[in-house]
Amino acid sequence: MKKIFVLFFCCLTTLSYAQTKFGPTPTAGQLAWHDKEFYLFMHFGPNTFTDLEWGHGSEDPNVFNPTAIDCNQWASIAKAAGAKGIIITAKHHDGFCLWPSKYSKHTVRESKWMNGKGDVLKMLSEACKKQGIEMGVYISPWDRNHPDYGTPKYNDIYINTMKELLTGYGKFFELWWDGANGEGPNGKKQVYDFTRFKDSALKYQPQLMIFSDIGPHVRWIGNERGIIGETNWNLLDTAGFKRGEGAPANDTLNSGNYNGKNWIGAEADVSIRKGWFYHPGEDNTVKSGATLFDLYAKSVGRGGNLLLNVPPNRAGLISSADSAALMEFKKIREAAFAHNVFKGAKILTTKNSVEIHLAKEVNLNTLVLKEKISQGQRVVKFEVSGGNNLKQFDPITAGTTIGHKRILQFPSKKIKYVRIKFTETKAAPILAGMEGYLVP
Ligand code: FUL
């Protein structure tokens with residue numbers, strides 16, 4: 001392949017148009033998913049009230065009794081935080097369904113909450129619609145309550161359960177399959193029919209992005225700290241691997257496979273608090289806006305998406321500390337990316353590098369680069385240098401992969417000229433964006 005560097009900015013003349021796709025490329029659905037960048041996770045259920053993380057499934061449904069639930073508060077906080085949607089634990093490992101499922105006897109219907117007439121899925125889907133954000137569902141395959149768990153019949157139950165959710169509450173953007181299964185050596189062994197699960201889910205909602213250790217559309221990053229590998233290929237080999245036990249090694253999930261056969265984007269899930277569910281004793285563990293921004297740089301800034309868990313409390317509300325941190329996080333993001341100092345700059349391209357010539361010296365400590373991933377992920381390594389005259393470019397920073405977005409932070413430099421040199425690429429690099437900032 002002829003290596004001609006191509007840029008797609010309004011401000012510069014395009015050298016050439018490398019239309020050819022290279023390697024695995026994202027589907028239209030995956031491209032739209034990458035653009036979402038940041039959305040919220042909400043763990044809510046009996047555990048919220050029992051102080052557990054993994055409910056046993058034998059809890060009295062009456063423990064689920066939020067006293068002042070307001071899903072509109074959840075959705076409006078998500079919206080105000082700039083999150084594109086909410087993924088809710090419709091069913092966690094304890095099997096408790098937040099909607100009155102016909103296929104379970106362990107649901108909101110069996111609780112005294114709203115005299116058994118409540119339906120969290122209905123409330124949340126209406127609230128998300130009202131706020132103009134999207135919604136997704138976590139439906140745990142592992143079920144510690146269902147009497148048929150551990151038998152082939154459970155696979156039908158699981159499919160029916162999905163069908164109820166996927167046909168009764170409008171469109172979801174994502175379906176979340178966690179890989180956990182804490183059954184001990186004498187526990188029930190369920191052989192999940194994931195092929196049928198996937199086919200059925202996509203039959204009901206073809207646009208769904210399905211998350212699991214190995215996709216098919218979105219992958220786990222191998223940790224729950226929200227940190228994606230500094231090198232992150234959106235490519236993964238899945239043949240011979242399974243979800244949960246039998247998944248690729250965590251470091252592979254964290255960085256993807258250089259030559260992976262499938263496009264499977266990385267999603268960083270992390271909680272704003274210590275646990276996934278609300279615990280009163282963890283009120284002092286809420287991450288600050290600055291910590292959240294750091295996680296954003298290490299997830300979205302490494303080409304993946306950030307799924308930030310903000311668990312509603314026992315009243316059924318997002319606690320004020322959590323919402324304050326979210327607003328702070330939003331403020332920091334807005335301030336960070338308010339003034340692109342590259343705007344209006346002269347851009348020169350050569351075979352393997354791009355130079356940004358600014359009208360005057362600026363202070364710079366952050367670069368945001370984007371690849372046109374619809375044509376494949378191509379950049380392997382690059383170096384950034386800069387200076388005040390065209391004769392001397394001093395090293396500033398270096399990076400590996402770019403993908404959907406790469407945020408590079410470095411000590412502030414006063415410069416007029418910036419050079420990005422692509423030192424290793426799989427094919428002609430195609431950038432979709434290049435911005436410079438002085439992040440406060
Ligand atoms: C894990 C689960 O076991 C945790 O409870 C939590 O839901 C986390 C997001 O995924 O697999």
Side-chain angles (χ1 to χ4, degrees), residues 38-59 64 78 83 85-98 106 120-121 124 135-146 149 158 161-162 165 172-184 187-188 190 192 194 197 209-215 218-228 241-250 253-254 266-279 282 285 287 292 295 299 304-313 322:
F38 163 54
Y39 33 90
L40 299 188
F41 215 179
M42 293 203 185
H43 278 67
F44 189 53
N47 295 341
T48 310
F49 303 87
T50 55
D51 240 350
L52 293 175
E53 278 290 318
W54 279 5
H56 303 288
S58 50
E59 290 78 16
F64 182 81
I86 296 173
I87 299 181
I88 176 91
T89 52
K91 180 180 85 136
H92 201 252
H93 310 326
D94 60 14
F96 187 82
C97 301
L98 293 182
H106 194 50
V120 180
L121 268 288
L124 184 59
M135 188 173 158
V137 275
Y138 172 127
I139 316 174
S140 171
W142 182 31
D143 191 316
R144 300 177 102 177
N145 172 272
H146 206 284
Y149 188 81
Y158 187 87
T161 305
M162 280 197 312
L165 283 172
F172 296 121
F173 78 98
E174 190 168 317
L175 167 61
W176 223 84
W177 286 337
D178 67 280
N181 190 328
E183 290 287 347
K188 293 181 185 174
Q190 178 68 40
Y192 301 114
F194 275 116
F197 292 2
M209 289 289 108
I210 302 180
F211 165 99
S212 81
D213 294 338
I214 51 169
V218 179
R219 75 168 197 269
W220 188 49
I221 59 155
N223 69 59
E224 293 181 335
R225 291 178 290 114
I227 301 177
I228 295 178
F241 290 106
K242 290 186 180 147
R243 296 173 174 87
E245 260 178 58
N250 287 348
L253 292 173
N254 200 237
E267 183 183 80
D269 60 315
V270 60
S271 186
I272 197 167
R273 291 163 165 258
K274 185 162 176 273
W276 291 105
F277 284 87
Y278 175 83
H279 306 288
E282 295 179 358
T285 66
K287 293 180 175 63
L292 296 175
L295 289 176
S299 53
N305 281 2
L306 173 60
L307 172 58
L308 177 64
N309 182 62
V310 182
N313 60 25
D322 305 49

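Small disclaimer: the values here were computed from a predicted structure and weren't measured. Residue numbers run from 1 in the order of the sequence given. Counting starts at 1 for both ligands and their atoms, following the listed order.
- Of the polar atoms of W276, none of the N or O atoms is found under 3.5 Å from an N or O of ligand 1, judged by distance alone.
- Residue H43 has at least one N or O atom closer than 3.5 Å to an N or O atom of ligand 1.
- Residue W176 places no N or O, backbone or side chain, under 3.5 Å from any N or O of ligand 1.
- Among protein heavy atoms, atom 5 (O) of ligand 1 sits closest to H92 NE2, 2.9 Å.
- Any N or O atom pair closer than 3.5 Å counts here, and D269 shares no such pair with ligand 1.
- Numbered from 1 in the order shown, with element, the atoms of ligand 1 that lie under 4.0 Å from a heavy atom of W54 read 2 (C), 3 (O), 4 (C), 5 (O).
- The closest heavy-atom contact to atom 11 (O) of ligand 1, among the options T89, D178, L52, comes from D178.
- Aromatic rings from H43 and F41 are positioned such that their centres are separated by under 6.0 Å.
- The heavy-atom pair separating I272 from P311 by the smallest distance is CG2-CD, 4.1 Å.
- Annotation: cation-pi pair R243/Y192 absent, no NZ/CZ under 6.0 Å from the ring centroid and within 45° of its normal.
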- Item | Verdict with supporting geometry, F44 and F64, ring pair (Phe, Tyr, Trp, His ring centres under 6.0 Å) | CA-CA 9 Å; F44 189 53; F64 182 81; 5.4 Å; yes

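- Looking at atom 3 (O) of ligand 1, its nearest protein heavy atom turns out to be H93 NE2, 2.8 Å.
- At least one heavy atom of Y138 sits under 4.0 Å from some atom of ligand 1.
- Contact check for V137 versus L121: side-chain heavy atoms found under the 4.5 Å cut-off.
- Residue contacts with ligand 1 include F41, since one or more of its heavy atoms lies under 4.0 Å from the ligand.
- The ring-ring contact (aromatic ring centres under 6.0 Å, His included) test with Y158 singles out one residue from F194, F197, W142, and that residue is F197.
- Of all protein heavy atoms, the one closest to atom 1 (C) of ligand 1 is E224 OE2, 3.5 Å.
- In terms of modelled atom types and a separation under 3.5 Å, the side chain of K91 and the main chain of C97 share no donor-acceptor contact.
- Counting heavy atoms from C-beta outward, N250 and W220 have side chains that approach closer than 4.5 Å.
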